[in-house]
Q: 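Structure below; questions to follow.
Residue numbers begin at 1 in each chain, while the letters A, B, ... track the order of the sequences.
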Amino acid sequence: MTRRTRIAVKVAVWTACLTPLALLGWRAVSDDLTANPIDFITDWLGRWTMRLLLASLALTPVRILTGWGWPIAFRRLLGLFAFFHGTLHFGVWIVVDHYFAWARMGEDILKRPYITVGVTALVLMVPLALTSTAGMIRRLGGRNWNRLHRLVYVTAVLAVLHFMWLAKTGRIEQYLYALIVAVVLGVRVAAAARRMVARSSPRGPRTGPPDPRTLGEVEGTSASPRTRGAPRAID
Amino acid sequence: MLIRHAPRYRSSEITPEAVYLSRRAFMAGAAALTLLPGEADAAPPPPVDRLPPLKAAPHPTYRHTDPVTKIESAVTYNNFYEFGVDKEDPSRNAGTLRPRPWNVVVEGLVRKPKTFDIDELLKIAPLEERIYSLRCVEGWSMIIPWIGVPLSALLKRVEPTGNAKYVEFYTLVDPEQMPAQKKGLFSWSSLDWPYVEGLRLDEAQHPLTLLTAGMYGRVLPNQNGAPVRVVIPWKYGFKSAKSIVKIRLVADEPKTAWNKAQPNEYGFYSNVNPTVPHPRWSQATERRIGEFRRRETKMFNGYGEVASLYSGMDLKKFI
């Protein structure tokens, strides 16, 4: 990819990630946040947290299935944008929706399962966001970093549960998100299973052509031990 | 180098079939999201300021002391699944409803069953304007000036027999007028039609229960349940059936729409009760539409005079 293309793609991804907030801002300015703006904003931010999270999780399956490695470079950016929207979503719940009614919020977190899993999903993203810098990757080492960042799979499942449990009867969006999470995690599991089979088989991958599913795979065995798994980003 | 371009392979070698198929399902789902039933025939209802005025005498005591909710909010933020699941859907799609001419059948365990023309129905007693609080089970509320007649006046007219214990309300079923009733790919996910609601006879006869034909000084907008609905202010909003075509007096507790859809979440009584949480969320507070801070929800939505209807009943059990 040329430098120019890379910059163009980067600009496009940043623009895409900022569009939901820009649209929300536009709707606020044009008085288009429905009769219940607090609910509308909370829903909007929550929905985009989910979509950005799914987008970040879709890049590895895209590579496994198509061999395109370059989108992986945006995984960190999408993950951080998901975290950013999730934080805003939670922040609106605390400040605007409940206006610091800590006792009530605490009760909700403990007693209402959809809130429990929602808060847990976000809390699990905190260490991931904190360790997203190149320095932290180096300090942790690729292997540890990878292990830690598998927490995002838990976040994804909890986020879907959160969505399913609060969705109104008659809605179907939540099933779509559940399906996407099943696919993006399923592809990973399938790829990992293939790798294990390939490793344990005596004729192994040496006799056949290289498996495109494992090329450039962060969790794969092809990378050198020292830097294994260290992700690259062009954000 | 971690990021590499894969060598060329035939796509069939790269994509496992199962994954390929699930991608198809995903695409179908994504496409279907934009093809929900009804969207094609969506027609916005007439602007509320062009609806005919409806004269009514202000009720001397049923006047909520909080400020009335903006009419723009009351006519654009509605739960009326016959026109779509989203709150804004009814105000976008309810133009297909034809509220005139309209008949309401009153039948069942009554001595004088009768089919009323809507205009005749509204003459059974003088129209009154009552300002009530409407508390939605979702945790928001509005203050709305309704216009109607006490339901008890209608019940008296048809003379319930001694066996009549409950009253059922049936909303119109007509997919041409109510586009979200059309059978579609996802109709399984919504409610069963018709929308049926019900009350115990003594609840239906309570003076607060209003057979409602107007709001904010005009006839009901389509999205708010034209031409006639009930309003039961001490119960969650979904109990107040809209666009009613049939009222039936029966001996057994009615099977109501939301109770059928989610029996553990929506009971038959559904009285506003801050101490009984919805299985998924708290009912202790509510957001008054147009306000910033949450308010404490009051028992029976502040209509404590109905408490005697439930004396001896454990309202944590009879939800």
Q: With a 4.5 angstrom heavy-atom cut-off, could you sort out which part of I115(A) is near chain B: side chain, backbone, both or neither?
A: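 Contact with chain B is absent: no heavy atom of I115(A) under 4.5 Å.
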
Q: Which bit of E138(B) is near chain A, if near means a heavy-atom gap under 4.5 Å: side chain, backbone, both or neither?
A: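 Answer is side chain: those atoms of E138(B) sit under 4.5 Å from chain A.
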
Q: Just checking heavy atoms, which of residues 99-106 of chain A are less than 4.5 Å from chain B?
A: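 Within residues 99-106 of chain A, the residues that come under 4.5 Å of chain B (heavy atoms only) are Y99(A), R104(A).
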
Q: Looking at Y269(B), does the NZ or CZ of K317(B) lie under 6.0 angstrom from its six-membered ring centre and within 45 degrees of the ring axis?
A: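 Here K317(B) fails the 6.0 Å and 45° test against Y269(B).
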
Q: Less than 4.5 Å to any heavy atom of chain A: does that hold for the side chain of N79(B), its backbone, both, or neither?
A: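 Only the side chain of N79(B) comes within 4.5 Å of chain A.
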
Q: Would you kindly say whether T297(B) and Q283(B) are connected by a side-chain donor-acceptor distance under 3.5 Å?
A: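 The criterion, which ignores hydrogens and geometry beyond distance, is not satisfied for Q283(B) and T297(B).
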
Q: Do S243(B) and R229(B) have side-chain atoms, one donor and one acceptor, less than 3.5 Å apart?
A: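 Distance-only check fails for S243(B) and R229(B).
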
Q: Once you round to the nearest 0.5 Å, how far does NZ of K70(B) lie from CE of M142(B)?
A: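 Result: 11.0 Å between the selected atoms.
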
Q: Taking only residues two or more places apart in sequence, or in another chain, which ones meet D66(B) in a side-chain contact (heavy atoms from CB on, under 4.5 Å)?
A: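 Only H64(B), I143(B), R288(B), R295(B) meet the side-chain contact (heavy atoms from CB on, under 4.5 Å) criterion with D66(B).
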
Q: Between D108(A), T34(A), D97(A), who has the most heavy-atom pairs with chain B when the cutoff is under 4.5 Å?
A: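 Looking at each of D108(A), T34(A), D97(A) in turn, D97(A) comes out on top.
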
Q: Using non-hydrogen atoms and a 4.5 Å limit, figure out which bit of R287(B) sits close to chain A: side chain, backbone, both or neither.
A: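 Only the side chain of R287(B) comes within 4.5 Å of chain A.
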
Q: For S91(B) and Q223(B), does a side-chain donor sit closer than 3.5 Å to a side-chain acceptor?
A: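 Side chains of S91(B) and Q223(B): no pair found under 3.5 Å.
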
Q: Quick one: does NZ or CZ of K242(B) land under 6.0 Å from the six-membered ring centre of F80(B), within 45 degrees of the ring axis?
A: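 Yes, cation above the ring, under 6.0 Å and within 45°.
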
Q: Looking at CH2 of W48(A) and CG of L23(A), how far apart are the two atoms once the value is rounded to the nearest 0.5 Å?
A: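 Nearest 0.5 Å value for the CH2-CG distance: 8.0 Å.
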
Q: Please determine, among T285(B), L191(B), V85(B), the option with the most heavy-atom pairs under 4.5 Å with chain A.
A: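 With the most close heavy-atom pairs to chain A, the winner is V85(B).
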
Q: Would you say H89(A) and W93(A) are linked by a side-chain donor-acceptor pair, where the criterion is simply a distance under 3.5 Å?
A: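 No, H89(A) and W93(A) have no side-chain donor paired with an acceptor closer than 3.5 Å.
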
Q: Check whether Q262(B) gets within reach of chain A through its side chain, its backbone, both or neither, counting any heavy atom under 4.5 Å.
A: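 Contact with chain A is through the side chain of Q262(B) alone.
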
